[in-house]
Number of protein chains: 2
Amino acid sequence: MRSYRYKELVPRHQKRVTLEEVARIAGVSRATVSRVVNGVASVDESIRRTVEKAISTTGYLPNLAARSLVTRRADAVALVLPSEDRIVGDPFFTRIVRGVSGVLSPLGVHLVLMTTSADTGDQVVADLRQGRLDGVILVHTYRADPLPNRLVRGRQPVVLSARPADPIPITYVDVNQTAGGALAAEHLVARGCHRVATITGSLDRPPGHDRLAGFCSAMARLGQPGVICVEGDFTRQSGAAAMRRLITAHPEVDGVFIASDLMAEGALPVLREHGRRVPDDVAVVGFDDSSAALSCDPPLTTVRQPVEDMAAEMARQLLKQVDQIDTPIRSVIFEPSLVIRQSA
Amino acid sequence: MRSYRYKELVPRHQKRVTLEEVARIAGVSRATVSRVVNGVASVDESIRRTVEKAISTTGYLPNLAARSLVTRRADAVALVLPSEDRIVGDPFFTRIVRGVSGVLSPLGVHLVLMTTSADTGDQVVADLRQGRLDGVILVHTYRADPLPNRLVRGRQPVVLSARPADPIPITYVDVNQTAGGALAAEHLVARGCHRVATITGSLDRPPGHDRLAGFCSAMARLGQPGVICVEGDFTRQSGAAAMRRLITAHPEVDGVFIASDLMAEGALPVLREHGRRVPDDVAVVGFDDSSAALSCDPPLTTVRQPVEDMAAEMARQLLKQVDQIDTPIRSVIFEPSLVIRQSA
DNA sequence: TTGTAGGCGTTATCAG
DNA sequence: CTGATAACGCCTACAA
């Protein structure tokens with residue numbers, strides 16, 4: 001039941017400075033030092049100064065395990081990413097990390113990185129119950145993942161990175177995916193494309209599904225129903241494969257909405273292989289505005305998703321739940337925007 | 001001195017199960033339960049079973065803050081990555097995470113992700129002293145980073161991901177970079193290349209420097225001194241830019257060693273732009289064997305660096321230091337190998 | 001082998 | 001406003 005490493009425990013000889021010691025030096029009680037440390041207002045100004053001097057001369061830092069024991073806060077949250085095969089090389093996750101730690105780190109809250117495996121669910125639940133974690137941010141959970149529900153039922157602080165496939169009462173942060181799809185449609189049509197296709201993401205996941213839905217209904221609204229549609233799975237490879245199928249089956253296409261920049265990055269070289277110039281022969285619009293959009297040749301016109309902001313919002317929503325149990329569920333939807341570069 | 005969030009602390013109503021309670025139910029003392037939980041051998045078999053039953057019926061899980069308070073272990077280590085601009089889209093870091101958490105996660109040790117900023121150094125040192133962190137893995141520290149030295153002087157567990165620029169007594173895990181450069185040289189020469197060039201990484205960092213050194217001295221040994229050399233900085237963009245300069249200044253090159261797959265990924269399209277076929281006109285060898293090598297067109301022949309294994313080793317070395325202070329410094333060097341695909 | 005009791009370093013309650 | 005004093009939950013000599 002316990003780590004075997006434990007046996008060989010060897011004492012570390014750091015002479016820790018304790019509240020006790022600071023108190024002795026300042027000539028006050030531990031309680032007073034604690035008040036100063038925690039910035040409690042009701043402390044006499046001169047005493048506060050004395051204590052602060054004692055703190056800085058001793059280099060005192062509070063032991064967080066002891067504090068955690070009584071406050072019941074770990075000051076740590078987990079970021080759970082999908083199993084790592086998919087995350088390799090996808091800039092999306094780096095942006096998530098950046099956004100999340102942007103709000104966590106100034107607050108001194110640790111970001112514990114986990115990747116899903118057979119037992120991450122149990123692990124996370126255990127960590128929460130053991131007081132090592134205050135809450136969880138779940139990124140791209142798969143459709144049948146029982147973890148979100150489990151956490152909700154356990155009334156544990158949790159935030160999802162996107163609308164869950166099945167409607168459960170949980171806080172999530174998302175971009176307006178359908179609006180994003182519509183932006184792409186409007187741009188392609190405005191550009192004069194008449195044979196329009198789309199390479200979708202995984203359709204069993206809400207983002208993939210919604211981007212497609214938004215794209216198609218906007219195309220219909222704009223007088224071009226019957227969009228050609230090839231399915232990918234958000235990876236670069238799938239983008240290339242999908243484009244190969246598309247261009248073979250429908251050599252006449254003159255505009256493609258590709259549901260992620262990463263897929264677009266895979267698809268563009270395929271267009272070139274087949275002698276198509278972008279955007280002259282085929283206009284291409286991506287989705288994400290990730291760093292991949294800039295590595296594309298030509299630079300990708302794409303639907304921007306403010307991932308860093310969204311991630312920051314996830315962190316804030318989570319902390320809110322941590323601070324106050326039973327915070328009402330309030331999901332936040334960001335609006336996408338179109339970033340016009342050279343591919344369309 | 002303290003997070004302001006503290007004030008609004010609201011009690012969380014999880015009825016925690018404590019040792020005390022399990023003990024009462026099992027009809028033994030707390031000490032005995034503790035022994036069972038920690039797998040101490042000297043516990044009567046029947047009592048152990050009774051206790052285990054009590055544990056499972058109550059769903060007891062030890063409070064780790066309390067444990068940490070007495071064991072002085074946080075069971076958490078930090079992974080410090082370079083500031084995020086560079087890490088975006090570089091598969092190297094995902095591989096590091098995978099390798100590290102592969103050994104940490106089964107042991108229940110948390111991986112706390114940090115990215116370098118102005119005060120990460122202070123943050124890390126404080127976390128260590130506050131007992132929130134047991135050790136630190138530093139990935140790609142910049143040359144003048146004072147943190148490694150600071151940690152060494154403080155006798156804190158720390159491992160670097162590569163040989164430090166300045167020789168300090170610190171444990172690091174690295175690949176034999178010069179041997180890697182040599183592998184590339186040998187392959188290009190064996191292939192019959194006569195006008196060989198290299199696009200280097202950042203030369204102020206040991207990996208960049210050593211790969212170049214290994215490559216050049218091997219070329220000289222093989223009878224082709226005077227290698228053409230263009231400097232990059234390990235990013236995809238720099239790879240493209242370097243190749244542009246190279247092909248313009250030396251249109252006669254027929255073989256290039258590019259010091260990272262990511263740079264190669266940027267460089268290959270440039271070769272194509274200039275009408276060069278790979279490998280027929282120009283043979284290209286990369287370095288890393290990252291996922292980028294496979295996304296290249298054609299798939300990249302490259303010097304493989306076993307990053308996952310190296311990362312796992314970093315974790316193990318770190319834990320060793322955590323378990324036993326003053327573990328002798330013992331760096332581990334992995335051997336590279338050549339993965340032959342289609343670019344050379 | 002088991003139980004008793006003290007301590008780990010903080011925060012929090014409640015007199016003074 | 002300040003100081004005792006009691007938790008917080010667990011580990012660990014030491015004694016039985």
Side-chain angles (χ1 to χ4, degrees), chain A residues 1-3 5-7 9-12 14-24 26-51 55 58 60-75 129-132, chain B residues 1-3 5-24 26-51 55 58 60-75 129-132:
Chain A
M1 184 141 190
R2 180 66 198 295
S3 153
R5 291 193 302 110
Y6 179 64
K7 291 291 183 28
L9 200 156
V10 171
R12 238 157 221 300
Q14 313 179 43
K15 31 183 162 182
R16 303 209 189 197
V17 184
T18 70
L19 263 192
E20 180 73 45
E21 194 166 337
V22 176
R24 224 189 45 227
V28 297
S29 72
R30 297 196 312 253
T32 299
V33 178
S34 175
R35 291 186 192 105
V36 171
V37 169
N38 292 302
V40 172
S42 66
V43 175
D44 182 84
E45 219 14 63
S46 75
I47 291 193
R48 149 165 286 129
R49 266 194 295 275
T50 315
V51 172
I55 288 178
T58 55
Y60 167 79
L61 285 176
N63 177 310
L64 294 184
R67 174 181 284 171
S68 177
L69 184 55
V70 37
T71 62
R72 291 162 171 285
R73 285 287 184 288
D75 279 318
R129 291 196 29 197
Q130 307 208 101
R132 295 180 89 186
Chain B
M1 183 138 190
R2 180 64 198 296
S3 153
R5 289 193 304 114
Y6 180 65
K7 289 292 181 31
E8 335 157 15
L9 200 155
V10 171
R12 232 154 226 301
H13 285 315
Q14 314 178 42
K15 30 181 162 180
R16 303 209 189 195
V17 184
T18 69
L19 264 192
E20 180 72 46
E21 195 165 336
V22 176
R24 224 190 43 229
V28 297
S29 71
R30 298 196 312 253
T32 299
V33 178
S34 175
R35 290 187 192 105
V36 171
V37 168
N38 292 302
V40 172
S42 66
V43 175
D44 183 84
E45 223 7 70
S46 74
I47 292 193
R48 149 165 287 130
R49 268 194 295 274
T50 315
V51 172
I55 288 178
T58 55
Y60 168 79
L61 285 177
N63 177 311
L64 294 183
R67 175 181 282 171
S68 176
L69 185 54
V70 34
T71 63
R72 293 163 171 283
R73 285 287 185 288
D75 279 318
R129 290 195 28 194
Q130 306 207 99
R132 295 180 87 186

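The shown structure was predicted, so the numbers you read here are calculated from the model rather than taken from an experiment. First the proteins, then the strands, lettered A, B, ... as listed; each starts at 1.
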Could you tell me if the side chain of B:Arg72 sits less than 4.5 Å from the side chain of A:Arg16, heavy atoms only? yes
Distance below 4.0 Å between B:Arg72 side-chain N/O and C:dG9 OP1 or OP2: yes
It should be established whether A:Asn63 places a side-chain nitrogen or oxygen under 4.0 Å from OP1 or OP2 of nucleotide C:dC8. no
Starting from [atom2] on [N], measure out to [atom1] on [X] and report it in whole angstrom.
X        : N      : atom1 : atom2 : result
B:Leu69  : D:dC11 : CG    : C1'   : 10 Å
B:Arg67  : D:dC8  : CZ    : P     : 19 Å
B:Leu64  : D:dC10 : CG    : P     : 9 Å
B:Gln130 : C:dT10 : CD    : P     : 9 Å
B:Tyr60  : D:dC11 : OH    : C1'   : 10 Å
B:Glu21  : D:dG9  : CD    : P     : 10 Å
A:Arg132 : D:dG9  : CZ    : P     : 18 Å
B:Arg16  : D:dA7  : CZ    : C1'   : 14 Å

Just jot down the side chain to side chain donor-acceptor pair (under 3.5 Å) partners of [X], sequence neighbours excluded, or say none.
X       : answer
A:Thr58 : none
B:Arg48 : none
B:Ser46 : B:Asp44
B:Ser34 : B:Asn38

Nearest listed nucleotide, side chain of B:Ser34, among C:dT10, D:dC11, D:dG9: D:dC11
Taking side chain to side chain contact (heavy atoms under 4.5 Å, CB included) as the definition, give me every residue that meets it alongside A:Ala66, ordered by chain and number, with sequence neighbours left out. A:Asn63, B:Leu69
Encode nucleotides 2-7 of chain C as B, S and - characters from 5' to 3', where the letter depends on protein heavy atoms closer than 4.0 Å: B to the base, S only to sugar-phosphate, - to neither. BBBBB-
With each end axis built from five pairs of C1' atoms, what bend angle do you get for the helix from C:dT1-D:dA16 to C:dG16-D:dC1? Round to 10°. 40°
All pairs passing salt bridge (Lys or Arg N to Asp or Glu O under 4.0 Å) where residues 26-36 of chain A contributes a residue, at least two apart: A:Glu20-A:Arg30
Hey, mind stepping through B:Val33 and B:Val28 against side chain to side chain contact (heavy atoms under 4.5 Å, CB included) and telling me if it holds? CA-CA 7 Å; B:Val33 178; B:Val28 297; 3.7 Å; yes
With sequence neighbours left out, what residues match B:Arg24 under salt bridge (Lys or Arg N to Asp or Glu O under 4.0 Å)? none
